[in-house]
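Numbered from 1 within each chain, the chains take letters A, B, ... in sequence-line order. Quick note: numbers below take in every heavy atom, side chains included, and nothing from hydrogens, waters or symmetry partners. Everything quoted here is computed from the prediction, not taken from an experiment.
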Amino acid sequence: MTTAAQILSQFQATGVQTCFHDRHINAQIYADLNGRNWSIKDYEARGGYAALRKILGADGGEGMTQDQVIATVKESGLRGRGGAGFPTGLKWSFMPRQFPGQKHLVCNSDEGEPGTCKDRDILMYNPHIVIEGMIIGAYAMGISLGYNYIHGEIFQVYERFEAALEEARAAGYLGDKILGSGFSFQLHAHHGFGAYICGEETALLESLEGKKGQPRFKPPFPASFGLYGKPTTINNTETFAAVPWIIRNGGQAYLECGKPNNGGTKIFSVSGDVERPGNYEIPLGTPFAKLLELAGGVRKGRQLKAVIPGGSSSPVLPAHIMMDCTMDYDSISKAGSMLGSGALIVMDDSRDMVESLLRLSYFYQHESCGQCTPCREGTGWLWRVVDRIQHGQGRPEDIELLDSVAFNIMGRTICALGDAAAMPVRAMIKHFRHEFEAKIQAATKASAA
Amino acid sequence: MITEATKQRFAREVAKYPPEQKQSAVMACLSIVQQEQGWVSQESEAVIAEVLGMPQIAVHEVTTFYNMYNQQPVGKFKLNVCTNLPCQLRGGYEALHHLEAKLGIQMGETTADGLFTLQQCECLGACADAPVMLVNDRNMCSFMDGEKLDQLVDGLKATEGKA
């Protein structure tokens, strides 16, 4: 008798298409993975936990001080991989290390920005690299308690991470007096249950405290008032995953993998109209054209129309601008968008941009937490106006109306969700205004007839 | 009815947090209840409130804020199909409409035999596997074209003796 669980397991991802392919360039986080070698023994065989042993001086040697670890991360040029791109070493230096009470370390694995699916593959197929990165961060900032907040929709990944935590505890990498040193760190996994907003760091903290995930006003920043009101540092999964390599090989070596101010490799999630959607780990500064080639090019031999380069919140860029970009924070920013989480949503020349924007606008009005009026009301307004343009009810003044509503959301809310909803609207109108106008003109003609 | 075995599962979650911060376990406890009972009733919320030492209304706030908690009973298999942009570009709506036709229901509805509830959902975070679908909160299904959807639905029906 076949069980439901057996049926469902047939459809589970294997990682072959998204992660275990030979189309990464100088991979560090995804290197040598095959889906079967996620456990601690395999991770150690790949050089795992050597960075932790190094800083603690567990194999002889002097070890590294907290300041040395932070200086190394600063030197590496590592920037936050969750979306904001803030320098990680600098963030770590903001933590009040001498604070006498409990301090917390939090990993943001609430990966729900449409287009983004890189952390899922890291946690599923290489969970110990995140655990090791977190332990190193905890050591550097003098933190003894941490949580990894994992997107609720990827429950199998949460269970995998829990299994990896058990292994790390049994091996003496987590817990009291790690590897015989004076340093102790407890780490646990926490899952979400369907709320995009919890990817915002202060909403995530509220959620971790067992409340609805509504963002907090900043300041105070989490470094002074974070989880349970105590100093807290929050980094993205991929950020922590980059740390062991940096400690083993040095900050300078990491920086040299990428380009100045954009150190290291970065994982890009490529989705939409390409032949081979998947995650691609490549050095920052790699030309977009190369990444598109790795992903098999535009699907069915079609032409590239546009790319949303950094997750659904980042402004869309037309093909001719995108083809001149390199994949790093500075180049994408100069082109008028954001590298964000590194999720590229690729659209071919058959795509209707109003239809695409309609789906995104629905998403943001659905996920607005309702706390700030400009976002709660404005996201619904944006969605309704785009909806009527798409469905033949558009009015001549609607384009200006969309722009005005978007303008009045931006910068007027507690968190960035308002901006995230407004930016795609403004960028779509900026680059593809003629598509909106054509639909509105058709509607006007139809109603006059 | 929350059994002692369920309360032991709660206790494993509570142990992750500082003793004065038991409320942090509320999301996990609610998802355990949903896994065992199919949905979150007010009776369940009351028990969780007592176990965690928090007001029942604070538990209810959590249930109603997060998309994945079922506030009413659902079918034995809850199918959540992602139609967000990356999935839309690769057949997310086709998957949703295929299931509507196959099950004879509209999105948001449950089949008359109580086996399937069909819902549209927001980004599941598996965009390169599009189109994707989540079954009963914990089982992600990847690359769900029409053929695979048929296999899945027929397979699940067979396990219930309704093939």
Side-chain angles (χ1 to χ4, degrees), chain A residues 1-5 7-13 17-18 102 111-117 119-120 145 147 151-156 188-196 207-213 228 269-273 277-279 308 312 343 345 347 351 356 359-360 363 366-367 369, chain B residues 15-18 20-28 30-31 34 52 54 58-59 61-62 64-69 76-77 80 83-90 121-130 132-144 148 151-152 155-156 158-160:
Chain A
M1 177 71 190
T2 315
T3 65
I7 299 287
L8 293 171
S9 69
Q10 296 167 18
F11 303 95
Q12 198 177 330
Q17 295 93 336
T18 57
Q102 182 73 56
E111 184 177 51
E113 172 84 3
T116 321
C117 51
D119 298 338
R120 168 189 185 227
L145 179 60
Y147 294 95
H151 199 221
E153 287 85 340
I154 51 172
F155 213 89
Q156 287 140 326
H188 302 283
H190 181 107
H191 67 74
F193 224 59
Y196 167 70
S207 182
L208 196 43
E209 292 181 1
K211 303 169 189 163
K212 54 189 174 172
Y228 309 132
S269 301
V270 184
S271 65
D273 295 322
N279 290 313
I308 299 175
S312 62
I345 305 172
M347 289 180 275
R351 295 301 175 185
S356 301
R359 188 61 187 83
L360 289 182
F363 168 68
H366 188 271
E367 295 298 323
C369 81
Chain B
K16 293 177 178 177
Y17 308 96
E20 70 282 9
Q21 303 291 351
K22 285 196 288 190
Q23 178 170 345
S24 282
V26 65
M27 293 184 71
L30 285 168
S31 104
Q34 179 154 306
L52 301 181
M54 62 194 279
V59 178
E61 256 189 357
V62 171
T64 53
F65 185 82
Y66 297 90
N67 296 326
M68 288 165 67
Y69 294 116
K76 179 150 191 186
F77 301 107
N80 282 44
T83 56
N84 209 306
L85 182 57
C87 276
Q88 179 184 31
L89 296 172
R90 298 190 78 89
C121 72
E122 293 308 331
C123 187
L124 296 170
C127 313
D129 293 5
V132 288
M133 177 168 90
L134 191 63
V135 181
N136 286 354
D137 311 320
R138 298 186 180 214
N139 305 277
M140 184 86 78
C141 300
S142 296
F143 307 109
M144 298 308 287
K148 283 191 169 180
Q151 284 170 16
L152 182 138
L156 290 178
T159 65
E160 296 292 311

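The candidate with the highest count of non-hydrogen atom pairs below 4.5 Å against chain B, out of A:H366, A:Q10, A:E111, is A:H366. Each of A:S9, A:P114, A:S271 has some count of heavy-atom pairs under 4.5 Å with chain B, and the biggest count is that of A:P114.
With a threshold of 4.5 angstrom between heavy atoms, A:S207 approaches chain B through its backbone and through its side chain. For a residue to count as touching a neighbouring chain, one of its non-hydrogen atoms must lie under 4.5 Å from one of that chain's; by this rule B:C121 touches chain A with the backbone only. Contacts between B:Q34 and chain A at a heavy-atom distance below 4.5 Å involve the side chain alone, from C-beta outward. When heavy atoms are compared at a cutoff of 4.5 Å, B:L124 approaches chain A by way of both its backbone and its side chain. Proximity to chain B (any heavy atom under 4.5 Å) is restricted, for A:Y147, to the side chain, taken from C-beta onward. Heavy-atom distances place the side chain of B:M144, and not its backbone, under 4.5 Å from chain A. For a residue to count as touching a neighbouring chain, one of its non-hydrogen atoms must lie under 4.5 Å from one of that chain's; by this rule B:T64 does not touch chain A. Contact of B:A130 with chain A is not made at all, since no heavy-atom distance falls under 4.5 Å.
For the pair B:P86 and A:G115, the tightest heavy-atom approach, listed with the atom from each and the gap, is CG-N, 3.5 Å. Summarising the geometry of B:Y66 relative to A:G213, their closest heavy-atom pair is OH-N, 3.2 Å, with the distance given to 0.1 Å. Of all the heavy atoms in B:D129 and A:A13, the pair that sits closest is OD2-CB, 3.3 Å. A:C117 and B:A128 make their closest contact through SG-N, 3.5 Å (heavy atoms, listed as atom of the first residue, atom of the second, distance). Nearest heavy-atom pair across A:I7 and B:T159 is CG1-CG2, 3.9 Å. Residues B:A126 and A:R120 share a closest heavy-atom pair of CB-NH1, 3.4 Å.
Between A:F155 and B:S31 there is a side-chain heavy-atom pair separated by less than 4.5 Å. Contact annotation: the side chain of B:M140 approaches that of A:I154 to within less than 4.5 Å [non-hydrogen atoms, C-beta and beyond]. Taking 4.5 Å as the limit, every side-chain heavy atom of B:S142 sits out of range of all side-chain heavy atoms of A:T18. Within the 4.5 Å cutoff, side-chain heavy atoms of B:L152 are placed close to those of A:F11.
Checking B:Y17 against A:H190 by side-chain atom types alone, a donor-acceptor pair falls below 3.5 Å.
With sequence neighbours excluded, the residues forming a side chain to side chain contact (heavy atoms under 4.5 Å, CB included) with A:S356 are A:M347, A:M428, B:L85, listed by chain and number. With sequence neighbours left out, B:Q23 forms a side chain to side chain contact (heavy atoms under 4.5 Å, CB included) with A:K211, B:M54.
By the neighbour-count criterion of 12 heavy atoms within 6.0 Å, atom NZ of B:K16 is densely surrounded, having more than that number from other residues, nucleotides or ligands.
With values rounded to the nearest 0.5 angstrom, A:E153 atom CD is found 10.0 Å from B:E122 atom CD.
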Checklist entry - A:E367 and B:N67: side-chain contact (heavy atoms from CB on, under 4.5 Å), yes or no, with the steps? => result CA-CA 9 Å; A:E367 295 298 323; B:N67 296 326; 3.0 Å; yes
